[in-house]
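Chain naming here is simple, since letters A, B, ... match the order of the sequence lines and numbering starts at 1 in each.
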There are 2 protein chains.
Amino acid sequence: MSKIDQIDRNILRTLGGEGRISNLELAERVGLSPSACLRRVQELERIGVIKGYRAVLAPKAMGVGFTAYVTVGLNAHTKASQLAFEQGVARAVEVRECHNITGAWEYLLRIEAADLAAYKRFHTDVLGTLPQVQSITSYVVMGSPKDERA
Amino acid sequence: MSKIDQIDRNILRTLGGEGRISNLELAERVGLSPSACLRRVQELERIGVIKGYRAVLAPKAMGVGFTAYVTVGLNAHTKASQLAFEQGVARAVEVRECHNITGAWEYLLRIEAADLAAYKRFHTDVLGTLPQVQSITSYVVMGSPKDERA
DNA sequence: GTTACATCACAATCAAATTGCGTCGATCCT
DNA sequence: AGGATCGACGCAATTTGATTGTGATGTAAC
């Protein structure tokens, strides 16, 4: 398979929303036999178009009651400084996302913590001890009218 | 089941990373028999702790070659203005996430588009035609050293 | 026109999911 | 202290789905 056709796009769209649909049901949805459908899914996984599957969990049940986006500016823009910061962030479980962005700050983080107190501890003991960090601005998430993360 | 115990947390953590693991394998991981494990998973789904499952797809394969975070300030802070904006955003497929945040802007959006030209069209024809919008700041994502979205 | 290749559906086999049921441990009530 | 009740378990049988081999079909290239 060298290119993704319309059937593949239907498969991907369906799996993007219902990752654990049975192959039988998926085959019916996209109009193939189960074996043909399964082979396509397996190929999409093999070539990396489908990177994996994840359960979508209710945050509260995972102990997450507080979410914030944080912009981070570094005091030095060197490659070493950026790599060191990224390593520090990789170790912090509260950091769910770390994006390298254009603009006045180098990074945008998504932080998930139990509550404000836990966020404060993260802010002080994690971000506050990374020597590369020069500026931090926190934006607390009060709600998410749209959230199609995957 | 009234509360989530350590076995449940193990199940959730495993499914959060490998949503399509077989029940057989999951049972081995958490130390239960397959039927006991399956019943717990079914209960976690029933009570809403597991909201669903999604395939994680490579962005390029879905036609996404450009990602940006956008802060949006509204010209009026009324409930009606916010709802109208949120409805406009709900209709836009490029908007993957819309978060209501504290600080100088009301919203933080995550935009996924094919390329810069497509982003420009979104910026002009979608955001640029919502009357509630007073300020827009775009932050282009150049990379994501950490991304555990689900 | 022939050959090669990709993709399909069918069918057989294998593996996993599902569910009924008995057992065990904990808790509560007498 | 003993019995009853309830929740959760593992076992086993049954059902369902996944997997894979294979032949057929269509398309493209030579």
Write down the distance between [atom1] ([X]) and [atom2] ([N]), rounded to a whole number of angstrom.
X	N	atom1	atom2	value
A:L24	C:dA17	CG	P	14 Å
B:R20	C:dA16	CZ	C1'	13 Å
B:Q42	D:dC9	CD	P	13 Å
A:N23	C:dC8	CG	C1'	14 Å
A:I4	C:dT7	CD1	C1'	16 Å
B:L32	D:dC9	CG	P	5 Å
A:I7	C:dA6	CD1	P	17 Å
B:L44	D:dA8	CG	P	11 Å

Given the structure, check if the side chain of [X] and the base of [N] hold any donor-acceptor pair shorter than 3.5 Å.
X	N	value
A:S35	C:dC10	yes
B:R40	D:dG7	no
B:R39	D:dG7	no

From the options D:dG21, D:dC9, D:dA18, select the nucleotide whose nearest atom is closest to the side chain of A:L38.
D:dA18
Taking D:dT20, D:dC11, C:dC8 as options, the one with an atom nearest any side-chain atom of A:A36 is C:dC8
Just checking A:S22: base, sugar-phosphate only, or nothing, at a heavy-atom cut-off of under 4.0 Å?
sugar-phosphate
Is A:I111 close to A:R96 at the side-chain level, that is, under 4.5 Å between some pair of heavy atoms?
no
Are the aromatic rings of B:Y69 and B:Y139 close, with centres under 6.0 Å apart?
no
Should A:E112 and A:R110 count as an ion pair when the cut-off is N to O under 4.0 Å?
yes
Keeping the roles fixed (side chain from A:D8, backbone from A:D5), state whether a donor-acceptor pair exists under 3.5 Å.
yes
Report yes or no: does A:T102 contribute a side-chain atom to a donor-acceptor pair with the main-chain N or O of B:V140 at less than 3.5 Å?
yes
